[in-house]
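Quick note: numbers below take in every heavy atom, side chains included, and nothing from hydrogens, waters or symmetry partners. When a ligand or atom number is given, it counts from 1 through the structure's own listing order. When a residue number appears, it is its place in the shown sequence, counting from 1.
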Amino acid sequence: MSAARRFKVVVRMKVLITGAAGLVGNHFSQRLACEHEVLALKHADLDVTDRETVNRCVLDVHPSLLINCAVIQVDESEQNPTKAQAVNVEGPRFLAEAANRVGAEIIHFSTQYAFDGEPVGRAPYTIQDRPRSVNVYGRTKVAGERAVVESCARSYIIRTSWVYGSGKNSFLCTVHNDLRAGKRVRTIVDIWSSTTYVEDLIDRVLKIHGTCRYGTYHVVNENVCSYYEFALEAGRLVGLSRDRLDPLIERVKESEMSRIAARPRYTPLRCLLSEQLGLPPMRDWRAALAEYVSVSK
Ligand SMILES: NC(=O)c1ccc[n+]([C@@H]2O[C@H](COP(=O)([O-])OP(=O)(O)OC[C@H]3O[C@@H](n4cnc5c(N)ncnc54)[C@H](OP(=O)(O)O)[C@@H]3O)[C@@H](O)[C@H]2O)c1
């Protein structure tokens, strides 16, 4: 197939984004707003679990693309499985059904927590690996993927992992500034995954969308690290020597964190569909982190 046939020319689209106040939703909304007509809906604007309102909204707006970024996070899912089912499974289903009704495409985000992360050191997970989650979040996200695919044939499922970027208060997003300010941070040494700079995630998702090849993609920066290694690199990038860094970075095991939900230990991802499409590997996580640190001073 020629390159001209494989990649569609993307004209100005009408895009509806849900969960638009979150990390991915907010960055996606800003990136698309210059070239497309974007309706970025926060939780207060549209509750994805309200089937009737979702339907009415999608029929009124009549987008050509829906991007669902709404989610209930890991520990909250464990504490409230009913809510996790509603937001991570039923909401995506309602959006995909509505997308199907108006002939739109849907991009839906999922997670490396689809997998159990065993054994440590294994090959990166591909779409040929059977999902097996260790917590409610992972199980509901996998069920959400299925609900979307069953409801709308024009769907892109984007599994990503440890996403960071500006505007969110999370370890990955803020550790470089905490270290720069001389704050002590706790880092987990025995959980590893792929990491993803949100701008790289958006670049790659837009490329994938341009191919018209529906399916399940794994979109992450190359190679794997632990939270501890991520913090070490972030500290190095803000100019701290090992002598300065070591006393600031406390090393703990996951078992010492007493978090509510279990976490998979080792979940690097690899994208077979991107390889088939001839898309190059995404840059190494250190290069992506270097860019993030340099722009978020
Ligand atoms: N961040 C990561 O490290 C990561 C890793 C792997 C996969 N992902 C996937 O990427 C996607 C986006 O994640 P994110 O990090 O951007 O999440 P986020 O920052 O936690 O944002 C999620 C947003 O969803 C909203 N939301 C919650 N319930 C809702 C509902 N019923 N209706 C509408 N909106 C609702 C939240 O609003 P309120 O706070 O007001 O409730 C929040 O603004 C998710 O599918 C997630 O599974 C993220």
Proximity of R159 to ligand 1 by residue part, where a heavy atom lies under 4.0 Å: neither
message: Checking side-chain polar atoms at under 3.5 Å, does S193 have a donor or acceptor matched by the opposite partner on S161?
response: yes
- prompt: Heavy atom of C69 under 4.0 Å from ligand 1?
  reply: yes
- prompt: How about F230 and Y164: are their ring centres within less than 6.0 Å of each other?
  reply: yes
message: Give me the nearest non-hydrogen protein atom to atom 48 (C) of ligand 1 as residue plus atom name, then the distance to 0.1 Å.
response: V163 CG2, 4.1 Å
- prompt: Looking only at non-hydrogen atoms, which of E90, K42, H43, H27 approaches atom 38 (P) of ligand 1 most closely?
  reply: H43
- prompt: What's the shortest distance from atom 45 (O) of ligand 1 to any protein heavy atom, and which residue and atom give it?
  reply: K141 NZ, 2.7 Å
- line: The closest protein heavy-atom partner of atom 31 (N) of ligand 1 is D47 OD1, 2.9 Å
query: So does R146 have more than 12 non-hydrogen atoms from other groups sitting under 6.0 Å from CZ?
result: no
Under 4.0 Å to a heavy atom of V24 - the qualifying atoms of ligand 1, by number: 12 (C), 16 (O)
query: Can an N or O of L23 be found at a distance shorter than 3.5 Å from an N or O of ligand 1?
result: yes
Protein residue, atom and distance nearest to atom 13 (O) of ligand 1, heavy-atom basis: V71 CG1, 4.0 Å
message: Can you tell me if V87 contacts ligand 1 (heavy atom of the residue under 4.0 Å from the ligand)?
response: yes
- prompt: Would you say G19 has any N or O atom under 3.5 Å from an N or O of ligand 1, going by distance alone?
  reply: no
task: Give a yes or no on whether the backbone of E229 and the side-chain of S226 come within a donor-acceptor separation of less than 3.5 Å.
output: yes
- prompt: Is there a protein heavy atom less than 4.0 Å away from atom 26 (N) of ligand 1?
  reply: yes
task: Kindly compute the distance separating OH (Y217) from CD1 (I208), expressed to the nearest 0.5 Å.
output: 5.5 Å
- prompt: With a 3.5 Å cut-off and no angle check, do the side chains of D116 and Y125 form a donor-acceptor pair?
  reply: yes
message: Given Y113, Y137, F171, identify the one with the heavy atom nearest to atom 47 (O) of ligand 1.
response: Y137
field: Contact partition for L46 relative to ligand 1, non-hydrogen atoms under 4.0 Å
entry: backbone
- prompt: Does I158 have a heavy atom less than 4.0 Å from any atom of ligand 1?
  reply: no
- prompt: Quick one: is the NZ or CZ of R154 closer than 6.0 Å to the six-membered ring centre of Y214, and within 45° of its axis?
  reply: no
- prompt: Is the shortest distance from atom 36 (C) of ligand 1 to a protein heavy atom below 4.0 Å?
  reply: no
- prompt: So, is K168 polar-close to ligand 1, with some N/O to N/O distance under 3.5 Å?
  reply: yes
message: Could you identify the single nearest non-hydrogen protein atom to atom 5 (C) of ligand 1 and state the distance to 0.1 Å?
response: W162 N, 3.7 Å
query: Considering only protein heavy atoms, which is closest to atom 7 (C) of ligand 1, and at what distance to one decimal place?
result: S110 O, 3.1 Å
query: Got V198 and T196 here, is their nearest side-chain heavy-atom distance under 4.5 Å?
result: no
message: Under 4.5 Å between side-chain heavy atoms, counting indirect links through other Ile/Leu/Val/Met/Phe/Trp/Tyr residues: same cluster for L237 and V295 or not?
response: yes
- request: Using a strict cut-off of 4.0 Å, indicate which atoms of ligand 1 neighbour a heavy atom of T111.
  value: 6 (C), 7 (C)
message: Can you check which of G144, A21, G22, A20 brings a heavy atom nearest to atom 21 (O) of ligand 1?
response: G22
message: Tell me the protein heavy atom at minimum distance from atom 20 (O) of ligand 1, and give that distance in Å.
response: Q73 NE2, 3.1 Å
query: More than 12 non-hydrogen atoms from neighbouring residues, nucleotides or ligands closer than 6.0 Å to CZ on R244, yes or no?
result: no
task: State whether the side chain of T195 and the backbone N or O of W162 hold a donor-acceptor pair below 3.5 Å, judged by distance alone.
output: no
message: Just by distance, no angles: are the side chains of H218 and T126 close enough, under 3.5 Å, to form a donor-acceptor pair?
response: no
- request: Take L39 and I17 through the side-chain contact (heavy atoms from CB on, under 4.5 Å) test and state the conclusion after the steps.
  value: CA-CA 6 Å; L39 188 64; I17 301 180; over 6 Å; no
- request: With I72 as reference, evaluate E78, K141, K83, Q85 under the side-chain contact (heavy atoms from CB on, under 4.5 Å) test and give the passing residue.
  value: K83
query: How close does the nearest protein non-hydrogen atom get to atom 6 (C) of ligand 1, and which residue and atom is it?
result: T160 O, 3.2 Å
